[in-house]
Amino acid sequence: MPVAIELTPAGGVPVRIWTENIEPGALRQLENVARLPFVFHHVAAMPDVHEGKGATIGSVIATKGAVIPAAVGVDIGCGMLLQKTTLTRNDVSAAAAREIFDALLRRIPVGFTQREKKDVCHEAVYHLALGMQEINSRTPGILNRMTGMSWRRQIGTLGGGNHFIELTADETGALWLMIHSGSRGAGNVMADWFIRAARKETEARGEVLPNMELSYFTEGTEFFEHYLFAAHWAQDYAKWNRRAMLTSALAALSEVLPQAAPEGDFVDCHHNYVARETHFGEEVWVTRKGAISAAAGEPGIVPGSMGAASYLVEGLGSEDSFMSSAHGAGRAMGRREATRRYSVEDLVRQTEGVLCRKDAGVLDEIPAAYKPIDEVMACQADLTRTVHRYRQILCVKG
């Protein structure tokens with residue numbers, strides 16, 4: 001399916017949207033972004049698009065001479081990791097699935113918990129420590145709000161919300177580990193700090209934007225450089241965090257099924273990040289908030305909700321989307337609305353056959369709160385092709 005909607009707001013660049021299923025609030029946000037003077041060529045919105053804080057989730061924004069911290073979001077580097085294993089669906093009985101579920105929870109802190117020892121993930125700490133020293137020299141005290149929390153101790157931890165670890169089967173019966181998480185508390189605190197700083201900078205310039213959440217740093221200024229350094233550190237942190245969880249998850253698998261081992265390389269992709277790229281013949285800054293890179297032949301991961309399918313895809317390199325793809329099903333309603341509308345009984349019914357939490361604490365993650373993943377995939381048939389389709393056996397959430 002090609003672009004479903006294309007519009008050009010007064011005084012702005014075109015907006016291209018890969019779905020007709022978009023709420024008015026998200027459409028207004030996209031139009032506000034399109035009117036910013038430094039936005040390049042057009043704004044792209046993926047089929048999982050929905051309203052976010054400041055910038056729209058599911059948006060791809062190319063800019064020249066400026067970056068918008070809110071367009072990356074507060075979970076910098078959030079993304080997906082996928083690893084095939086030597087196991088098959090027939091290897092995992094119901095009893096073994098329960099043992100694996102419990103082993104994952106023993107080995108990987110979830111929710112607001114962190115590791116008891118701060119340097120347990122030695123390789124990750126080694127790669128990240130020098131960068132943190134540089135960040136502290138540029139923006140002293142930026143992590144002061146992490147009272148009682150440590151970026152070192154949060155490496156290899158899941159977090160809460162829509163973050164998850166799944167054991168899932170492809171159409172051949174092969175089992176894969178799928179992990180969704182980001183830069184944890186450090187990335188969140190940094191993002192909030194820079195979003196506030198950008199607003200102060202914009203106000204100091206005397207600018208009034210359609211939405212002040214879209215405040216930005218201009219290229220060549222001190223804050224611009226500081227933000228990019230911190231954002232790229234947080235993106236690296238998120239990758240190391242997912243790798244550390246993969247190590248723990250593989251250990252949990254082999255604890256229950258000794259024959260379990262990784263098979264081939266893992267796939268890892270951010271879906272909240274900023275990068276320097278070339279599009280339409282020009283170098284630009286591209287921010288993807290709830291979108292993945294989908295260059296020609298590039299692997300990517302598009303998960304559904306915890307009761308629906310997920311996909312391994314290969315990018316088709318569409319320039320119209322700035323070589324991007326949806327990052328998942330995308331929310332169809334807010335968390336409060338989901339908990340108001342649905343019951344625990346609904347959650348149990350909608351997650352039938354999946355070993356996962358089925359209590360009020362995860363009711364906001366009920367599958368019905370998300371868009372149908374197969375509809376999302378159909379809308380982006382010109383952006384990606386499917387390599388594998390997965391269904392969960394178990395899903396661990398924070």
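These numbers come from a predicted model, not from an experiment.
- Relative to the ring axis of F229, R138 places its NZ or CZ within 45° and under 6.0 Å from the centre.
- Taking the side chain as every heavy atom from C-beta outward, T287 and T63 never approach each other to under 4.5 Å.
- M245 and M149 fall into different hydrophobic clusters, where Ile, Leu, Val, Met, Phe, Trp and Tyr are joined by side-chain heavy atoms under 4.5 Å apart, directly or via other members.
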Go through the steps for V13 and T8 under the test side-chain contact (heavy atoms from CB on, under 4.5 Å), then give the verdict. CA-CA 6 Å; V13 298; T8 303; over 6 Å; no
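- Salt-bridge formation is not detected for the pair D268/R243: no Lys NZ or Arg NE/NH1/NH2 atom is positioned less than 4.0 Å from an Asp or Glu carboxylate oxygen.
- With rounding to the nearest 0.5 angstrom, the CG atom of L128 is 10.0 Å from the SG atom of C121.
- Proximity of N241 to R184: side-chain heavy atoms (C-beta onward) are separated by under 4.5 Å at one or more points.
- For the atom pair C78 SG and H180 NE2, the distance stands at 3.5 Å (nearest 0.5 Å).
- Crowding of R276 atom CZ: a count of heavy atoms from other residues, nucleotides or ligands under 6.0 Å exceeding 12.
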Apply salt bridge (Lys or Arg N to Asp or Glu O under 4.0 Å) to residues R199 and E203 and explain how you reach the verdict. CA-CA 6 Å; R199 182 163 188 152; E203 290 172 348; 3.3 Å; yes
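- Sorted by first then second residue, the ring pair (Phe, Tyr, Trp, His ring centres under 6.0 Å) pairs that include residues 103-150, not counting sequence neighbours, are H127-W240.
- In this structure, L158 and I165 have side chains that are in contact, with non-hydrogen atoms separated by less than 4.5 Å.
- Look at R331 and E365 and you find a salt bridge, because one of the NZ, NE, NH1 or NH2 atoms lies within 4.0 Å of a carboxylate O, short of that distance.
- One hydrophobic cluster, built from ILVMFWY side chains closer than 4.5 Å, holds both V274 and I135.
- Remark: aromatic rings of Y273 and H232 are distant, center separation not under 6.0 Å.
- The side-chain heavy atoms of M46 and S324, taken from C-beta on, include a pair separated by under 4.5 Å.
- By the 4.5 Å heavy-atom criterion applied to side chains, M80 and M178 are counted as neighbours.
- Residues I68 and F38 form a side-chain contact, since some pair of their non-hydrogen atoms from C-beta on lies under 4.5 Å apart.
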Please step through side-chain contact (heavy atoms from CB on, under 4.5 Å) for the pair R288 and H271, ending with a clear verdict. CA-CA 6 Å; R288 294 183 175 91; H271 52 228; over 6 Å; no
Derivation and outcome, side-chain contact (heavy atoms from CB on, under 4.5 Å), residues W176 and E166: CA-CA 8 Å; W176 302 61; E166 288 182 350; over 6 Å; no
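- In this structure E207 satisfies the side-chain hydrogen bond (donor to acceptor under 3.5 Å, both in side chains) test together with R205, Y216, sequence neighbours excluded.
- Legend: residues meeting side-chain hydrogen bond (donor to acceptor under 3.5 Å, both in side chains) with R391, ordered by chain and number and at least two apart, are absent.
- When all heavy atoms are compared, the tightest approach of K289 to V72 is CG-O, 3.9 Å.
- Partners of E337 under the side chain to side chain contact (heavy atoms under 4.5 Å, CB included) rule, at least two apart in sequence or in another chain, are M333, R340, R341.
- Under the 4.5 Å side-chain heavy-atom criterion for ILVMFWY residues, no single connected hydrophobic cluster contains both L383 and L316.
- Counted within 6.0 Å of CG on D265, heavy atoms from surrounding residues, nucleotides or ligands total 12 or fewer; the atom is thus considered open.
- Summarising the geometry of V376 relative to A326, their closest heavy-atom pair is CG1-CB, 3.8 Å, with the distance given to 0.1 Å.
- Using a 4.0 Å cut-off between charged nitrogen and carboxylate oxygen, R349 and E345 do not count as a salt-bridge pair.
- Closest approach of A62 to V284, counting heavy atoms only: CB-CG2, 4.0 Å.
- Annotation for E222: atom CD does not count as buried by contact number, only 12 or fewer foreign heavy atoms lying within 6.0 Å.
- Side chains of M306 and L347 form a contact here, defined as non-hydrogen atoms less than 4.5 Å apart.
- Scanning for side chain to side chain contact (heavy atoms under 4.5 Å, CB included) contacts around P9 gives L7, V15, E31, A34, R35, with sequence neighbours left out.
- Every residue two or more places apart in sequence or in another chain was checked for a side-chain hydrogen bond (donor to acceptor under 3.5 Å, both in side chains) with H50, and none qualifies.
- Note on R16 versus D320: salt bridge recorded, some NZ/NE/NH1/NH2 to OD/OE distance being below 4.0 Å.
- One finds no salt bridge joining R389 and E171 here, because no Lys/Arg side-chain nitrogen approaches an Asp/Glu carboxylate oxygen to under 4.0 Å.
- Linking ILVMFWY side-chain heavy atoms closer than 4.5 Å, directly or via other members, places M323 and V49 in two distinct hydrophobic clusters.
- Between E255 and R106, at least one side-chain nitrogen of the basic residue sits less than 4.0 Å from a carboxylate oxygen of the acidic one, meeting the salt-bridge criterion.
- No donor-acceptor pair closer than 3.5 Å links the side chain of S305 to the backbone N or O of I366.
- Side-chain contact between V387 and V313: absent, with no pair of heavy atoms (C-beta onward) separated by less than 4.5 Å.
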